[in-house]
Amino acid sequence: MAKHIGVLTSGGDSPGLNAAIRGIGKAALGDYDMQVIGFLDGFRGLMENRTTILDSSKLSGIITLGGTLLGTSRDKPHKMNIGGKLIDMTDVIVENFHYHHLDALVCLGGGGTQKNAFKLVEKGLNIVTLPKTIDNDIACTDTTLGFDTALGIAVNAIDRLHSTAHSHHRIIVVEIMGHRTGWLALGAGVSGGADVILIPEIPYNIDNVAESILERSRGGKNFSIVAVAEGAISQEGIKKIEETKNKLHDTEDKKEILKLKAKLKELDKKYTGKTTEIARTLEKITGLESRLTILGHLQRGGTPSPADRLLATRLGTACVEYIQNEQFGIMVAAKGDGAVAVPLEKVIGIRKTVPADHPWIKSARYVGTCLGE
Ligand code: F6P
(Lines give C-alpha, C1' and ligand atoms only; values in the text may rest on other atoms or scores of the structure.)
Protein backbone atom coordinates (compact mmCIF):
# COMPACT_ATOMS: atom_id res chain seq x y z
CA MET A 1 0.00 0.00 0.00
CA ALA A 2 1.20 3.53 -0.80
CA LYS A 3 2.76 5.21 2.19
CA HIS A 4 1.52 8.51 3.64
CA ILE A 5 4.18 10.92 4.76
CA GLY A 6 4.00 14.26 6.53
CA VAL A 7 6.62 17.03 6.31
CA LEU A 8 7.20 20.02 8.57
CA THR A 9 9.85 22.71 8.96
CA SER A 10 10.64 23.93 12.45
CA GLY A 11 12.94 26.48 14.10
CA GLY A 12 14.56 29.43 12.29
CA ASP A 13 14.15 29.25 8.52
CA SER A 14 17.16 28.80 6.28
CA PRO A 15 17.84 28.81 2.54
CA GLY A 16 17.48 25.33 1.06
CA LEU A 17 14.35 24.28 2.93
CA ASN A 18 12.15 24.50 -0.17
CA ALA A 19 14.74 22.60 -2.18
CA ALA A 20 14.64 19.86 0.48
CA ILE A 21 10.82 19.78 0.52
CA ARG A 22 10.97 19.48 -3.28
CA GLY A 23 13.49 16.62 -3.05
CA ILE A 24 11.37 14.75 -0.52
CA GLY A 25 8.13 15.40 -2.37
CA LYS A 26 9.33 14.55 -5.87
CA ALA A 27 11.04 11.32 -4.80
CA ALA A 28 8.04 10.31 -2.70
CA LEU A 29 5.40 11.03 -5.35
CA GLY A 30 7.34 10.04 -8.44
CA ASP A 31 9.45 7.09 -7.37
CA TYR A 32 7.47 5.50 -4.57
CA ASP A 33 3.90 6.60 -5.24
CA MET A 34 3.59 7.95 -1.71
CA GLN A 35 1.16 10.66 -0.60
CA VAL A 36 2.69 13.74 0.96
CA ILE A 37 1.14 16.37 3.17
CA GLY A 38 2.84 19.37 4.68
CA PHE A 39 2.06 20.72 8.14
CA LEU A 40 2.14 24.49 8.39
CA ASP A 41 4.30 26.45 10.82
CA GLY A 42 6.21 23.56 12.36
CA PHE A 43 4.89 21.52 15.28
CA ARG A 44 2.15 24.11 15.84
CA GLY A 45 0.53 23.23 12.52
CA LEU A 46 0.76 19.53 13.34
CA MET A 47 -0.94 20.21 16.67
CA GLU A 48 -3.61 22.45 15.10
CA ASN A 49 -4.09 20.20 12.08
CA ARG A 50 -3.22 22.89 9.57
CA THR A 51 -2.08 21.16 6.42
CA THR A 52 -1.44 21.51 2.73
CA ILE A 53 -1.27 18.71 0.19
CA LEU A 54 2.19 18.62 -1.39
CA ASP A 55 1.27 17.63 -4.93
CA SER A 56 3.46 18.03 -8.00
CA SER A 57 2.21 21.56 -8.73
CA LYS A 58 3.26 22.75 -5.25
CA LEU A 59 6.69 21.17 -5.68
CA SER A 60 7.44 22.88 -8.97
CA GLY A 61 9.52 26.03 -9.31
CA ILE A 62 10.56 26.13 -5.66
CA ILE A 63 14.21 25.00 -5.75
CA THR A 64 15.40 28.61 -6.01
CA LEU A 65 13.12 30.01 -3.31
CA GLY A 66 14.42 31.03 0.10
CA GLY A 67 12.43 30.50 3.31
CA THR A 68 9.98 27.63 3.60
CA LEU A 69 6.67 27.31 1.78
CA LEU A 70 5.35 25.46 4.82
CA GLY A 71 6.10 28.28 7.24
CA THR A 72 7.93 27.62 10.49
CA SER A 73 7.82 28.33 14.22
CA ARG A 74 9.91 27.63 17.29
CA ASP A 75 7.04 25.78 19.02
CA LYS A 76 7.90 22.65 20.98
CA PRO A 77 5.31 19.83 21.21
CA HIS A 78 5.82 19.45 24.97
CA LYS A 79 5.80 23.19 25.78
CA MET A 80 3.35 24.99 23.55
CA ASN A 81 2.04 28.43 24.27
CA ILE A 82 -1.72 28.04 24.49
CA GLY A 83 -3.46 31.21 25.59
CA GLY A 84 -0.36 32.42 27.44
CA LYS A 85 0.29 29.09 29.21
CA LEU A 86 2.93 26.52 28.29
CA ILE A 87 1.12 23.23 27.80
CA ASP A 88 2.32 19.75 26.82
CA MET A 89 0.51 19.07 23.52
CA THR A 90 2.38 15.87 22.66
CA ASP A 91 -0.75 13.68 22.93
CA VAL A 92 -2.65 15.89 20.47
CA ILE A 93 0.28 15.66 18.07
CA VAL A 94 0.38 11.87 18.37
CA GLU A 95 -3.38 11.78 17.74
CA ASN A 96 -3.06 13.97 14.63
CA PHE A 97 -0.23 11.81 13.28
CA HIS A 98 -2.60 8.82 13.40
CA TYR A 99 -5.59 10.86 12.21
CA HIS A 100 -3.69 11.49 8.96
CA HIS A 101 -2.71 7.79 8.75
CA LEU A 102 0.93 8.81 8.51
CA ASP A 103 3.54 6.15 7.99
CA ALA A 104 6.27 8.69 8.69
CA LEU A 105 6.83 12.32 9.58
CA VAL A 106 9.85 14.23 8.25
CA CYS A 107 11.00 17.09 10.49
CA LEU A 108 13.44 19.58 9.00
CA GLY A 109 15.15 21.62 11.67
CA GLY A 110 18.07 22.55 13.87
CA GLY A 111 19.26 21.23 17.22
CA GLY A 112 15.99 22.05 19.01
CA THR A 113 13.93 20.31 16.32
CA GLN A 114 16.09 17.19 16.56
CA LYS A 115 15.35 17.05 20.31
CA ASN A 116 11.64 17.63 19.84
CA ALA A 117 11.51 15.01 17.10
CA PHE A 118 13.23 12.50 19.37
CA LYS A 119 10.56 13.07 22.03
CA LEU A 120 7.98 12.05 19.41
CA VAL A 121 10.05 8.96 18.56
CA GLU A 122 9.82 8.05 22.25
CA LYS A 123 6.02 8.30 21.90
CA GLY A 124 6.20 5.66 19.18
CA LEU A 125 5.98 7.86 16.06
CA ASN A 126 7.95 7.06 12.92
CA ILE A 127 10.17 10.09 12.47
CA VAL A 128 12.99 10.98 10.10
CA THR A 129 14.77 14.33 10.40
CA LEU A 130 17.00 16.49 8.21
CA PRO A 131 19.68 18.82 9.64
CA LYS A 132 18.90 22.44 8.89
CA THR A 133 20.52 25.58 10.33
CA ILE A 134 22.76 28.37 9.13
CA ASP A 135 24.75 27.80 12.36
CA ASN A 136 26.18 24.41 11.25
CA ASP A 137 26.08 23.28 14.88
CA ILE A 138 24.30 19.91 14.57
CA ALA A 139 26.30 16.84 15.60
CA CYS A 140 27.01 13.83 13.37
CA THR A 141 26.63 15.60 10.03
CA ASP A 142 29.35 17.13 7.86
CA THR A 143 27.24 20.21 7.31
CA THR A 144 23.72 21.58 7.57
CA LEU A 145 21.19 23.03 5.14
CA GLY A 146 21.54 26.79 4.86
CA PHE A 147 25.09 27.11 6.16
CA ASP A 148 26.71 27.50 2.76
CA THR A 149 24.26 30.19 1.64
CA ALA A 150 24.65 32.16 4.88
CA LEU A 151 28.41 31.85 4.55
CA GLY A 152 28.24 33.32 1.05
CA ILE A 153 26.11 36.23 2.24
CA ALA A 154 28.46 36.99 5.14
CA VAL A 155 31.55 36.81 2.89
CA ASN A 156 29.91 39.11 0.37
CA ALA A 157 29.21 41.58 3.19
CA ILE A 158 32.82 41.44 4.41
CA ASP A 159 34.05 42.03 0.85
CA ARG A 160 31.91 45.16 0.62
CA LEU A 161 32.91 46.37 4.06
CA HIS A 162 36.56 46.10 3.08
CA SER A 163 36.38 48.84 0.46
CA THR A 164 34.59 51.31 2.70
CA ALA A 165 36.78 50.52 5.73
CA HIS A 166 39.84 51.01 3.55
CA SER A 167 38.63 54.34 2.10
CA HIS A 168 37.79 55.83 5.51
CA HIS A 169 40.70 54.25 7.43
CA ARG A 170 38.22 52.77 9.86
CA ILE A 171 37.77 49.70 11.97
CA ILE A 172 34.59 47.96 10.88
CA VAL A 173 33.20 45.42 13.28
CA VAL A 174 30.78 43.01 11.62
CA GLU A 175 28.50 40.83 13.71
CA ILE A 176 27.77 37.43 12.23
CA MET A 177 25.10 34.94 13.38
CA GLY A 178 25.89 31.40 14.53
CA HIS A 179 24.13 31.21 17.90
CA ARG A 180 26.65 29.71 20.35
CA THR A 181 29.17 28.54 17.76
CA GLY A 182 31.69 30.24 15.52
CA TRP A 183 31.35 28.25 12.27
CA LEU A 184 29.76 31.08 10.32
CA ALA A 185 31.99 33.88 11.66
CA LEU A 186 35.15 31.80 11.28
CA GLY A 187 34.29 30.57 7.79
CA ALA A 188 33.23 34.02 6.62
CA GLY A 189 36.15 35.71 8.37
CA VAL A 190 38.74 33.40 6.83
CA SER A 191 37.26 33.54 3.33
CA GLY A 192 36.61 37.30 3.55
CA GLY A 193 40.13 38.00 4.81
CA ALA A 194 39.00 39.56 8.11
CA ASP A 195 41.89 40.86 10.21
CA VAL A 196 40.32 39.77 13.50
CA ILE A 197 37.88 36.91 14.05
CA LEU A 198 36.20 36.42 17.42
CA ILE A 199 34.28 33.21 18.06
CA PRO A 200 32.74 31.70 21.22
CA GLU A 201 35.15 28.76 21.14
CA ILE A 202 38.15 31.11 21.61
CA PRO A 203 37.40 33.68 24.34
CA TYR A 204 38.95 37.03 23.50
CA ASN A 205 40.96 39.67 25.31
CA ILE A 206 39.99 43.09 23.97
CA ASP A 207 43.43 44.57 24.68
CA ASN A 208 45.03 41.91 22.48
CA VAL A 209 42.53 42.64 19.72
CA ALA A 210 43.30 46.37 19.94
CA GLU A 211 47.03 45.67 19.92
CA SER A 212 46.75 43.59 16.74
CA ILE A 213 44.91 46.49 15.07
CA LEU A 214 47.55 48.98 16.24
CA GLU A 215 50.24 46.71 14.93
CA ARG A 216 48.55 46.78 11.52
CA SER A 217 48.51 50.59 11.73
CA ARG A 218 52.19 50.67 12.56
CA GLY A 219 52.76 48.50 9.49
CA GLY A 220 50.93 51.06 7.33
CA LYS A 221 47.50 49.41 7.24
CA ASN A 222 45.10 51.89 8.71
CA PHE A 223 41.87 49.95 8.46
CA SER A 224 40.74 46.65 9.96
CA ILE A 225 37.82 44.27 9.58
CA VAL A 226 36.76 42.56 12.81
CA ALA A 227 34.37 39.61 12.30
CA VAL A 228 32.55 38.85 15.54
CA ALA A 229 30.32 35.83 16.11
CA GLU A 230 27.13 36.82 17.93
CA GLY A 231 28.05 34.34 20.68
CA ALA A 232 31.65 35.57 21.13
CA ILE A 233 32.70 35.92 24.76
CA SER A 234 35.59 37.61 26.56
CA GLN A 235 38.19 35.75 28.63
CA GLU A 236 36.90 37.56 31.72
CA GLY A 237 33.34 36.42 30.95
CA ILE A 238 34.24 32.78 30.41
CA LYS A 239 36.28 32.75 33.62
CA LYS A 240 33.31 33.95 35.67
CA ILE A 241 30.98 31.48 33.94
CA GLU A 242 33.38 28.57 34.55
CA GLU A 243 33.74 29.52 38.23
CA THR A 244 29.96 29.58 38.64
CA LYS A 245 29.59 26.26 36.79
CA ASN A 246 32.17 24.69 39.12
CA LYS A 247 30.27 25.94 42.16
CA LEU A 248 27.07 24.52 40.68
CA HIS A 249 28.78 21.19 40.14
CA ASP A 250 29.98 21.11 43.77
CA THR A 251 26.71 21.89 45.54
CA GLU A 252 23.61 19.88 46.33
CA ASP A 253 21.87 22.67 48.18
CA LYS A 254 18.64 23.33 46.24
CA LYS A 255 18.48 27.04 47.07
CA GLU A 256 22.11 27.50 46.07
CA ILE A 257 21.51 25.61 42.81
CA LEU A 258 18.66 27.98 41.91
CA LYS A 259 20.79 30.98 42.81
CA LEU A 260 23.75 29.78 40.74
CA LYS A 261 21.56 28.94 37.74
CA ALA A 262 20.12 32.46 37.84
CA LYS A 263 23.65 33.83 38.08
CA LEU A 264 24.72 31.83 35.03
CA LYS A 265 21.87 33.36 33.01
CA GLU A 266 22.85 36.81 34.22
CA LEU A 267 26.53 36.27 33.31
CA ASP A 268 25.58 34.96 29.90
CA LYS A 269 23.55 38.11 29.25
CA LYS A 270 26.33 40.30 30.56
CA TYR A 271 29.17 38.79 28.52
CA THR A 272 27.71 37.65 25.17
CA GLY A 273 26.23 39.74 22.35
CA LYS A 274 28.64 42.57 23.14
CA THR A 275 29.45 43.64 19.58
CA THR A 276 28.46 47.28 20.10
CA GLU A 277 30.70 47.43 23.13
CA ILE A 278 33.56 45.78 21.22
CA ALA A 279 33.37 48.45 18.48
CA ARG A 280 33.25 51.26 21.05
CA THR A 281 36.14 49.87 23.12
CA LEU A 282 38.34 49.31 20.07
CA GLU A 283 37.77 52.93 18.99
CA LYS A 284 38.67 54.12 22.48
CA ILE A 285 41.85 52.07 22.82
CA THR A 286 43.18 52.48 19.27
CA GLY A 287 41.99 56.02 18.58
CA LEU A 288 40.77 54.77 15.18
CA GLU A 289 37.23 55.55 14.08
CA SER A 290 35.01 52.46 14.32
CA ARG A 291 31.70 51.40 12.81
CA LEU A 292 29.47 48.42 13.49
CA THR A 293 27.47 46.37 10.97
CA ILE A 294 25.07 43.70 12.23
CA LEU A 295 24.22 41.32 9.39
CA GLY A 296 21.33 39.75 11.33
CA HIS A 297 18.57 37.98 9.42
CA LEU A 298 19.97 39.01 6.04
CA GLN A 299 22.09 35.88 6.47
CA ARG A 300 18.99 33.67 6.49
CA GLY A 301 17.21 35.23 3.53
CA GLY A 302 17.05 34.76 -0.20
CA THR A 303 18.04 32.22 -2.79
CA PRO A 304 19.92 29.10 -1.64
CA SER A 305 23.43 28.58 -3.00
CA PRO A 306 24.07 25.74 -5.49
CA ALA A 307 25.81 23.78 -2.69
CA ASP A 308 22.72 24.09 -0.48
CA ARG A 309 20.40 23.08 -3.33
CA LEU A 310 22.55 20.01 -3.97
CA LEU A 311 22.67 19.13 -0.27
CA ALA A 312 18.91 19.63 0.09
CA THR A 313 18.14 17.47 -2.92
CA ARG A 314 20.63 14.79 -1.82
CA LEU A 315 19.33 14.58 1.77
CA GLY A 316 15.68 15.07 0.83
CA THR A 317 15.65 12.23 -1.69
CA ALA A 318 17.76 9.94 0.54
CA CYS A 319 15.28 10.52 3.33
CA VAL A 320 12.50 9.01 1.18
CA GLU A 321 14.62 5.89 0.59
CA TYR A 322 14.97 5.46 4.37
CA ILE A 323 11.21 5.85 4.80
CA GLN A 324 10.57 3.31 2.06
CA ASN A 325 12.90 0.91 3.90
CA GLU A 326 11.08 1.70 7.16
CA GLN A 327 14.15 3.03 8.91
CA PHE A 328 12.92 5.52 11.50
CA GLY A 329 14.17 7.47 14.52
CA ILE A 330 17.05 8.76 12.42
CA MET A 331 18.55 11.98 11.12
CA VAL A 332 19.62 11.84 7.47
CA ALA A 333 23.09 13.33 7.73
CA ALA A 334 25.56 14.57 5.12
CA LYS A 335 28.68 12.43 4.90
CA GLY A 336 31.18 13.08 2.11
CA ASP A 337 29.20 13.07 -1.10
CA GLY A 338 26.51 10.84 0.31
CA ALA A 339 23.90 10.60 3.03
CA VAL A 340 23.89 8.40 6.12
CA ALA A 341 21.29 7.53 8.74
CA VAL A 342 22.29 8.54 12.28
CA PRO A 343 20.14 7.42 15.23
CA LEU A 344 18.56 10.53 16.74
CA GLU A 345 19.78 9.68 20.24
CA LYS A 346 23.33 10.22 18.97
CA VAL A 347 22.47 13.67 17.65
CA ILE A 348 20.42 15.27 20.40
CA GLY A 349 21.83 17.38 23.19
CA ILE A 350 25.19 17.85 21.46
CA ARG A 351 26.21 21.23 20.09
CA LYS A 352 28.87 20.84 17.39
CA THR A 353 31.34 23.59 18.20
CA VAL A 354 34.51 24.49 16.27
CA PRO A 355 37.29 22.21 17.60
CA ALA A 356 40.46 23.99 18.77
CA ASP A 357 42.53 22.13 16.15
CA HIS A 358 40.15 22.74 13.26
CA PRO A 359 41.97 23.49 9.96
CA TRP A 360 40.12 26.81 9.57
CA ILE A 361 41.59 27.97 12.89
CA LYS A 362 45.04 26.75 11.95
CA SER A 363 44.96 28.47 8.58
CA ALA A 364 43.57 31.71 10.07
CA ARG A 365 46.60 31.81 12.37
CA TYR A 366 48.97 31.10 9.46
CA VAL A 367 47.69 34.10 7.52
CA GLY A 368 48.14 36.33 10.54
CA THR A 369 44.51 36.72 11.61
CA CYS A 370 44.07 37.77 15.23
CA LEU A 371 41.72 35.37 17.02
CA GLY A 372 41.59 37.50 20.14
CA GLU A 373 43.71 35.27 22.38
O1 F6P B 1 19.65 29.27 14.60
C2 F6P B 1 19.62 30.14 13.54
C3 F6P B 1 19.69 31.56 14.00
O4 F6P B 1 19.66 32.41 12.86
C5 F6P B 1 20.90 31.91 14.88
O6 F6P B 1 22.06 32.12 14.14
C7 F6P B 1 20.38 33.12 15.61
O8 F6P B 1 21.00 33.23 16.85
C9 F6P B 1 18.92 32.84 15.77
O10 F6P B 1 18.58 31.87 14.81
C11 F6P B 1 18.01 34.03 15.61
O12 F6P B 1 16.73 33.64 15.91
P13 F6P B 1 15.42 34.43 15.54
O14 F6P B 1 15.17 34.27 14.08
O15 F6P B 1 14.37 33.78 16.36
O16 F6P B 1 15.67 35.86 15.88
Side-chain angles (χ1 to χ4, degrees), residues 8-18 20 41-45 66-68 70-76 79-81 86 107-117 129-141 143-158 173-189 192 197-201 227-233 237 265 268-276 278 292-305 308 311-312 331 334 347-354:
L8 61 81
T9 51
S10 171
D13 69 333
S14 73
L17 280 173
N18 285 324
D41 304 331
F43 292 107
R44 179 152 298 255
T68 160
L70 294 177
T72 185
S73 71
R74 293 201 185 273
D75 285 298
K76 303 179 172 98
K79 261 190 202 170
M80 225 171 253
N81 189 329
L86 289 181
C107 305
L108 290 83
T113 303
Q114 308 299 326
K115 262 194 215 164
N116 294 329
T129 69
L130 257 57
K132 170 268 350 172
T133 167
I134 64 162
D135 304 335
N136 191 33
D137 60 355
I138 302 181
C140 308
T141 181
T143 188
T144 55
L145 284 174
F147 175 66
D148 183 74
T149 309
L151 188 61
I153 295 169
V155 173
N156 184 270
I158 294 178
V173 174
V174 51
E175 184 187 286
I176 297 172
M177 275 186 173
H179 196 41
R180 307 248 169 203
T181 63
W183 292 105
L184 207 47
L186 181 65
I197 304 173
L198 306 181
I199 60 172
E201 292 86 345
V228 182
E230 62 179 350
I233 186 160
K265 274 197 183 154
D268 186 63
K269 212 167 161 200
K270 184 167 174 197
Y271 288 104
T272 58
K274 294 288 122 184
T275 330
T276 313
I278 291 174
L292 168 65
T293 299
I294 297 178
L295 297 184
H297 292 81
L298 272 179
Q299 294 157 107
R300 292 223 308 250
T303 308
S305 66
D308 269 330
L311 179 68
M331 177 180 81
V347 176
I348 56 164
I350 304 168
R351 181 180 294 131
K352 185 180 79 178
T353 52
V354 183

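Only this structure's heavy atoms are used, side chains among them; waters, hydrogens and symmetry mates stay out. Note that ligands are numbered from 1 as they come in the structure, with each ligand's atoms numbered from 1 the same way.
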Handout entry: D13: salt bridge (charged side-chain N to carboxylate O under 4.0 Å, His left out) partners, not counting sequence neighbours
Key = R300
For ligand 1, list all ligand N or O to protein N or O distances below 3.5 Å, rounded to 0.1 Å.
from, atom 1, to, atom 2, distance (Å)
ligand 1, 1 (O), D135, OD2, 2.7
ligand 1, 4 (O), R300, NH1, 2.7
ligand 1, 6 (O), D135, OD1, 2.7
ligand 1, 6 (O), G178, N, 3.2
ligand 1, 6 (O), E230, OE2, 3.2
ligand 1, 8 (O), E230, OE1, 3.4
ligand 1, 8 (O), E230, OE2, 2.6
ligand 1, 10 (O), R74, NH2, 3.1
ligand 1, 10 (O), R300, NH1, 3.1
ligand 1, 12 (O), R74, NH2, 3.0
ligand 1, 14 (O), H297, NE2, 3.0
ligand 1, 14 (O), R300, NH1, 2.9
ligand 1, 14 (O), R300, NH2, 2.9
ligand 1, 15 (O), R74, NE, 3.1
ligand 1, 15 (O), R74, NH2, 3.3
ligand 1, 16 (O), H297, NE2, 3.0

Exercise for the section: Determine yes or no for a side-chain-to-main-chain donor-acceptor pair under 3.5 angstrom, with T272 supplying the side chain and K269 the backbone. Expected result: no
Problem - Minimum-distance pair of heavy atoms, taken over all atoms of I176 and A227 - result: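 It is CD1-CB, 4.0 Å.
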Handout entry: Donor on one side chain, acceptor on other, E201 and T353, under 3.5 Å
Key =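 Their side chains do not contain a donor-acceptor pair, so the 3.5 Å distance test is not met.
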Fill in the blank from the handout: Residues at least two apart in sequence or cross-chain that pass side-chain contact (heavy atoms from CB on, under 4.5 Å) with N156, listed by chain then number, are R160
Exercise for the section: Could I get the full list of side chain to side chain donor-acceptor pair (under 3.5 Å) partners for T133, not counting sequence neighbours? Expected result: D135
